Amino acid sequence: MTPEPAGIVVVGASLAGLRGAEALRRGGYGGPLTLVGAEPYRPYDRPPLSKHVLAGELEPGATRLPELTALRARWRLGSAAVALDRAARTIRLSDGSVLAYDRLLLATGAEARPWPAAAGGGLSGIHTLRGRDDATSLRAALVAGPRRVLIVGGGLIGCEAASCLRDLGLPVTLVDPNPTPLAKTLGTFVGSVIAACLRASGAEFRPGTMVRAFEGDASGRVVRARLADGSAIEADLVIAALGATRATGWLDGAGLMADPGGVTCDAACRARTAAGAACPDIYVAGDVARWPIRLYGGRLVSVEHWSNAVEQAAHAARNMLAHADDQRPYEHLPAFWSSQFGINIKLVGLTAGADSISVVQGTRASRRFLAVYGQAGRSIAALSFDQARWLPAYAEAIRAGDPVPPILGAADQPRIETAAPGFPPPRAAAPAAQPAEVAHG
Ligand SMILES: Cc1cc2nc3c(=O)[nH]c(=O)nc-3n(C[C@H](O)[C@H](O)[C@H](O)COP(=O)(O)OP(=O)(O)OC[C@H]3O[C@@H](n4cnc5c(N)ncnc54)[C@H](O)[C@@H]3O)c2cc1C
């Protein structure tokens with residue numbers, strides 16, 4: 001008798017895991033399909049957590065993602081994968097059970113970087129924001145009416161949280177080591193617009209500020225942040241928005257090229273072994289994947305963007321079902337959105353390495369503009385603040401590698417303002433350690 005096929009196992013039951021599983025079914029896969037998820041919930045959407053959930057407009061449970069295809073899957077929720085044995089083609093789960101696989105999709109995403117325990121990270125009142133449970137407990141803490149909320153980190157999540165909290169009327173201080181928020185992702189030229197929004201909202205923004213440690217009261221609750229210059233900020237609630245690390249710890253010893261920066265895969269999304277070979281039976285997608293991006297010279301990138309999780313999962317699923325001779329490269333133009341201070345922000349492309357930025361439509365002063373990042377005269381990314389109508393055209397220009405600025409004579413193009421983007425120089429690692437290459441944290 002032929003033994004039953006072990007089938008496909010998807011590790012990580014969130015956006016990439018779900019969309020990957022759906023693509024497998026849509027692609028005609030009819031065999032056994034198992035989704036393993038560390039969290040006890042069916043896949044849910046993270047973007048609303050730092051926006052509508054914090055604002056109290058949406059219950060955390062209302063973020064569940066729609067299932068677009070009948071999956072006929074076995075769900076193993078609430079049990080994390082803890083080990084991978086590639087030779088035996090099995091994974092071990094935290095409940096001790098062992099699952100066999102024929103093919104594996106790694107979609108374990110990322111985890112919020114915690115505040116270090118040695119610097120007061122164990123105090124109550126210090127929150128991170130990555131999952132549904134984080135949002136539930138942070139929302140409860142906000143409803144309790146904190147005297148002052150300190151947000152450490154002016155990345156996308158720190159800024160979105162600050163915007164939400166100001167809408168709730170809460171006193172907020174945001175600190176960041178750089179001269180402006182979003183400096184690492186967008187540069188200070190654009191970050192200064194967000195700094196102005198923060199201040200106009202009534203938040204206190206303290207640039208160039210490093211928190212060294214948190215101090216607590218006798219009950220173990222945070223009361224203040226001690227800064228690197230010895231001064232202090234009093235705060236009874238802290239949001240540590242320090243970026244994320246990839247959820248790869250369980251792969252230690254599995255012989256894959258995996259570390260807190262991601263699981264390296266080839267252009268076809270196949271995981272690479274430590275020796276560099278592509279595994280024919282293990283694919284990677286979403287935040288956890290680190291892949292060579294052809295459009296940017298084949299350098300390895302890993303992004304924390306919703307659209308990549310969806311597209312890469314579908315692409316990996318397609319290749320999982322295809323013959324070894326028909327493995328197609330993943331051609332993706334990274335893109336994300338954010339909403340904060342009433343502004344809809346959208347970025348296409350990668351800004352890293354940009355040496356110029358040109359405002360090609362609108363103006364920074366009006367907070368409604370479209371800007372193009374250039375590198376050595378070539379357009380590499382485009383950013384819009386409430387001005388996304390032409391963004392698809394700029395995305396095409398980036399794909400084509402057009403010179404910067406790529407489009408002349410566009411609507412609402414009174415004068416093209418060009419400047420240096422103002423990316424901060426790399427810093428030595430501090431308690432607030434470095435975010436990943438393109439973080440939403
Ligand atoms: C608060 C917040 C707001 C965001 N807002 C935006 C936005 O506005 N725009 C945008 O483009 N992007 C945004 N993002 C990013 C976007 O949500 C992510 O890119 C997306 O969730 C990635 O999906 P993923 O499935 O790859 O990873 P994740 O969503 O991180 O999911 C991975 C899943 O794997 C599970 N897992 C981890 N380890 C294991 C294990 N060993 N075994 C089993 N399961 C495991 C995790 O518990 C998790 O459920 C936001 C992210 C956050 C956190």
Side-chain angles (χ1 to χ4, degrees), residues 9-21 34-54 60 63 65 75-84 91-95 99 104-113 127-135 138-139 155-161 163-164 185 239 241-252 254 258 262-263 269 284-290 302-313 316 334-340 344-348 435-436 438-441:
V9 174
V10 178
V11 187
S14 182
L15 182 62
L18 174 64
R19 296 294 176 245
T34 306
L35 279 99
V36 177
E39 295 177 86
Y41 311 113
R42 282 285 184 117
Y44 62 87
D45 213 16
R46 289 173 207 275
L49 299 181
S50 52
K51 306 171 183 81
H52 311 290
V53 173
L54 279 199
T63 54
L65 284 163
W75 293 87
R76 298 294 300 266
L77 299 177
S79 45
V82 293
L84 164 65
I91 60 168
R92 189 155 47 79
L93 305 191
S94 50
D95 63 8
L99 290 182
L104 192 61
L105 178 61
L106 302 179
T108 51
E111 295 160 343
R113 187 177 272 121
H127 294 253
T128 53
L129 182 52
R130 178 78 204 175
R132 203 173 126 171
D133 292 344
D134 302 331
L138 181 52
R139 173 70 195 159
L156 288 160
I157 287 176
C159 290
E160 287 178 1
S163 165
C164 246
T185 314
I239 303 176
L242 310 175
T245 55
R246 274 42 183 181
T248 56
W250 71 285
L251 295 170
D252 287 353
V263 180
C269 306
V284 199
D287 282 11
V288 77
R290 183 168 51 197
S302 95
V303 301
E304 290 170 46
H305 303 161
W306 196 94
S307 56
N308 174 62
V310 172
E311 289 181 25
Q312 195 170 28
F336 74 72
W337 82 94
S338 169
S339 51
Q340 46 188 276
N344 186 269
I345 300 176
K346 290 188 173 180
L347 182 87
V348 292
V438 187
H440 204 89

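For ligands, and for the atoms within them, numbers begin at 1 and follow the listed sequence. Heads up: numbering here begins at 1 and tracks the sequence. Keep in mind the model is a prediction, meaning the values are calculated, not measured.
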What part of N308 sits under 4.0 Å from ligand 1 if we count only heavy atoms: the side chain, the backbone, both or neither? neither

Restricting to non-hydrogen atoms, name the atom on S94 and the atom on S79 that form the minimum distance, rounded to 0.1 Å. OG-CA, 3.4 Å

Just distances here: any N/O of W337 and N/O of ligand 1 closer than 3.5 Å? yes

Return the set of residues passing side chain to side chain donor-acceptor pair (under 3.5 Å) with D252 (not counting sequence neighbours), or none when no residue passes. none

Any chance you could measure L15, atom CG, to Y44, atom OH, to the nearest 0.5 Å? 11.5 Å

Of the choices G20, A285, P48, A38, which has the non-hydrogen atom that lies closest to atom 43 (C) of ligand 1? A38

Which of the atoms in ligand 1, numbered in the order shown and given with their element, are less than 4.0 Å from a heavy-atom of F336? 11 (O)

Look only at interatomic distance and state if V288 has a nitrogen or oxygen under 3.5 Å from any nitrogen or oxygen of ligand 1. no

With a 4.0 Å cut-off, would you call R130 and D287 a salt bridge? yes

Begin with the C-alpha distance, continue with both residues' side-chain angles, and end with the deciding distance and a verdict on side-chain contact (heavy atoms from CB on, under 4.5 Å) for V11 and L84. CA-CA 11 Å; V11 187; L84 164 65; over 6 Å; no

Under the side chain to side chain donor-acceptor pair (under 3.5 Å) test, which residues partner W306, sequence neighbours left out? D45

Out of E111, R130, R46, who gets a non-hydrogen atom closest to atom 48 (C) of ligand 1? R46

Using a 4.0 Å cut-off to any heavy atom of I157, which atoms of ligand 1 qualify? 1 (C), 2 (C), 52 (C), 53 (C)

Within the 4.5 Å heavy-atom criterion, are L129 and H127 side-chain neighbours or not? no

Side-chain contact test, heavy atoms from C-beta onward, threshold under 4.5 Å: evaluate it for R139 versus P60 and give yes or no. no

Decide whether the shortest distance between a heavy atom of K51 and an atom of ligand 1 is less than 4.0 Å. yes

Taking 4.0 Å as the limit for heavy-atom contacts, which would you say applies to W250 with ligand 1: side chain only, backbone only, both, or neither? side chain

I need the L105 CG to T34 OG1 distance, nearest 0.5 Å. 12.5 Å

Classify the contact between A107 and ligand 1 as side chain, backbone, both or neither, using a heavy-atom distance cut-off of under 4.0 Å. backbone

Determine whether R246 and E304 satisfy the following criterion, side-chain contact (heavy atoms from CB on, under 4.5 Å), listing intermediate values before the conclusion. CA-CA 10 Å; R246 274 42 183 181; E304 290 170 46; 2.9 Å; yes

Can you tell me which portion of A110 lies within the under-4.0 Å heavy-atom range of ligand 1? Options are side chain, backbone, both, or neither. backbone

Please indicate whether any nitrogen or oxygen in S338 is less than 3.5 Å from any nitrogen or oxygen in ligand 1. no

Under 4.0 Å from one or more heavy atoms of V36, ligand 1 contributes atoms 43 (C), 44 (N)

Heavy atoms only: which of A81, A313, A309, P334 is nearest to atom 42 (N) of ligand 1? A81

Separation of R42 CZ from L65 CG (nearest 0.5 Å): 11.5 Å

Subset of ligand 1 atoms that lie under 4.0 Å from at least one heavy atom of E304: 12 (N), 15 (C), 19 (O)

Please identify which atoms of ligand 1 are closer than 4.0 Å to at least one heavy atom of L15. 23 (O), 25 (O)

Would one find an N or O of S79, backbone or side chain, under 3.5 Å from an N or O of ligand 1? no

Report, in ascending order of atom number, the atoms of ligand 1 lying under 4.0 Å from any heavy atom of A247. 37 (C), 38 (N)

Can you tell if the side chain of L347 reaches within under 4.5 Å of the side chain of I345, non-hydrogen atoms only? no

Against heavy atoms of V11, which atoms of ligand 1 measure under 4.0 Å? 42 (N), 43 (C)

E39: numbered ligand 1 atoms lying under 4.0 Å from its heavy atoms: 46 (C), 47 (O), 48 (C), 49 (O)

